[in-house]
Each structure stands twice: as C-alpha cells, then as structure tokens.
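Quick notes on the structure that follows.
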Amino acid sequence: MTQFRAALVQTTASRSVEANIAAVEALVREAAAAGAQYVQTPENTNIMEHNGDRLFAALTEEAADPTLARLRAVAAELGIWLHVGSLAIKVAEAKAANRAFVIAPDGSVAARYDKIHLFDVDLVGGESYRESNRIRPGAESVTVDLPWGRLGLAICYDLRFPQLFRALAREAGADILSVPAAFTQQTGEAHWHVLLRARAIENGAWVFAAAQSGLHENGRSTYGHSLIVDPWGRIVAEAADGPGIAIADIDLGLVAEARGRIPALRHDRPFAAAPALPVELKAAP
Ligand SMILES: O=C(O)CNC(=O)[C@H](CS)NC(=O)CCC(=O)C(=O)O
C-alpha cells in the first residue's frame, strides 16, 4: 500500500495557545472529514511569540503541554497520523525546543524532532530574527515509518540546508521530506517555492510543507502557500492565503519512478573538498 491522502493545515497562529488549539483542531477535523489519513500542521502550531518573557510565560514542559495533549486525543479519535509541525516546548528555565511531533492513529508519539538550524537573520527593512535567543537547537536528524513509506523531518529554516535533506533521503531512506514552516513574507516570496521544489527534485522525494500564513498578533507576517510537491517537482496542492487546508492523493510509487529517471542519489560520490581559502579572503566582504 503506497497510496494515501495527505493534508496540510495552514493557520495564522496568535499569542493565545487556547485560541491556536481551537483553530488548528477545527482544520484538522476538516482535513480528516475530507479523507486525509496524514495531516501536517505548521511550525509554531501552539504560539507565535518572539518576545522571550511572554513566550516562556505561556509555555510548559512537554509532559504538560496542552496542545500536544489535545492533538494526541484528536489524532486518536479521528484515527489519523497527525504531524504537528512544531510546538515551542520548554526545555530549560529560559530555553525552548522548536519540536515536531508525529502522532500515530492510536494517539502515541511515534517521533520527535528538534529544529537543527536556527533563524538568526537580519532582513532588509529592519526585520530581525534571533531564534537562538530562546530556542535550543537539535543535533540529530529523524525519520519515522508511516504505513505507506518513510517520512523525514525538518522545520522551516532547515529548508536552506540541502545536506540535511540528502541525509534524510539517501542515508536514512526517506520517501517524504517534511518542512512545516513559518516563513517570512519577504523571504517566502523570493525563495519558498523554488527551495521546496529543489529539495523534491534533487532527492526524488515528496515534499510536504504546511505553513503559517498572514499577519500575526506578534506583528510578524508569514508567507503561507502550504505546498505538496511530487518527486518530479510538480506542485500538486497549494493553500490559498490565510487559514485553510491543502489536500492531495499521494502515490509513493512516484519516488521510485523519479529516482529511476534521474538516479542522483545513486550517483552521489565522495570527493575531497577544495583547500580552504586564506582567512583574509574568506573574511572579505
Ligand atoms: O518569528 C516568528 O514569530 C515565527 N518564525 C519562526 O518561528 C521561525 C524561527 S524565527 N522562522 C523561520 O525559521 C523563518 C525561516 C525563513 O523565513 C527563511 O529561511 O527565509
């Protein structure tokens, strides 16, 4: 069995965990009612908050996290695989993990992944991000077996590090690469579609990317355009602006077909890296 129906849930998360749970639960139910057997939610499903004090006041440790508890119950009730793109989970006094969860249809947590690459970036126009101020990065890639094939986990800014996706597809055997995100409006317009399609094409893998979309209570604007891309790089589902779902029928047979046509994973070869540049050159602007 290599065919199933997948849905992406797109939300505009606020600073209120309660409101975010209600909004995402309604869309997960809508996706399941439309026949989805796997549903993915975006990065920061529980809260969009970059102010550290406010964030930590709203967070709990994993065992007490209300969003995870609620979504585990929803997954079990609906009998679906529910991939929570990420939750901010308290892991120390003033640090959180940006952690994805894959919940099995019995409500158990089948996999966890902590975002590895943190978004410490200054955009043009003064928009500035320092995710590492509040998030502790992960250090391990993760895959999990769904009934239909193997899912590789990533989150948002990880999308810009193709070696992670190569490792998931080649070393770890992922058929599907996931990139739940809260991409900025500015970088999303420029890079979102092309990077997601590139990860699908270069690895011959499905790419599922549920995204935050719209103007959030914390003042940030996210790009949305939740996307399902097939292993040949074709966009097969895309969400409209704002809250909603994108849904598609997935055939994992297309993975072998794409890799048969372009066997890039088999053609990967080790090579000696070019010598490092002199320090002065490397540091030049
Ligand atoms: O800041 C917020 O409140 C919401 N955003 C997030 O939580 C995360 C970390 S700051 N966003 C990204 O990783 C954007 C990556 C991105 O946009 C790119 O790679 O271009």
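Read the numbers this way: they start at 1 and go in the same order the structure lists the ligands and their atoms.
The shortest distance between side-chain heavy atoms of Trp232 and Ile201 does not fall below 4.5 Å.
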Pairs under 3.5 angstrom, nitrogen or oxygen on both sides, ligand 1 versus protein: list them out, please.
unit_1: ligand 1; atom_1: 1 (O); unit_2: Arg220; atom_2: NH1; d: 2.8
unit_1: ligand 1; atom_1: 3 (O); unit_2: Asn218; atom_2: ND2; d: 3.2
unit_1: ligand 1; atom_1: 7 (O); unit_2: Asn44; atom_2: ND2; d: 2.6
unit_1: ligand 1; atom_1: 13 (O); unit_2: Lys115; atom_2: NZ; d: 2.8
unit_1: ligand 1; atom_1: 17 (O); unit_2: Thr184; atom_2: N; d: 3.0
unit_1: ligand 1; atom_1: 17 (O); unit_2: Thr187; atom_2: OG1; d: 3.1
unit_1: ligand 1; atom_1: 19 (O); unit_2: Arg160; atom_2: NE; d: 2.6
unit_1: ligand 1; atom_1: 20 (O); unit_2: Arg160; atom_2: NE; d: 3.4
unit_1: ligand 1; atom_1: 20 (O); unit_2: Arg160; atom_2: NH2; d: 2.7
unit_1: ligand 1; atom_1: 20 (O); unit_2: Thr187; atom_2: OG1; d: 2.6

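Tyr129 carries Arg220 over the face of its six-membered ring, with the cationic atom under 6.0 Å from the centre and within 45° of the normal.
Checked against side-chain contact (heavy atoms from CB on, under 4.5 Å), Asp122 has the following partners two or more places apart in sequence or in another chain: Ser128, Arg130. Scanning for side-chain contact (heavy atoms from CB on, under 4.5 Å) contacts around Ser16 gives Ser14, Glu18, Ala19, with sequence neighbours left out.
The shortest non-hydrogen separation linking Ala75 to Leu82 is CB-CB, 3.8 Å.
Clustering of Ile, Leu, Val, Met, Phe, Trp and Tyr side chains at separations under 4.5 Å leaves Val124 isolated, with no partner residue.
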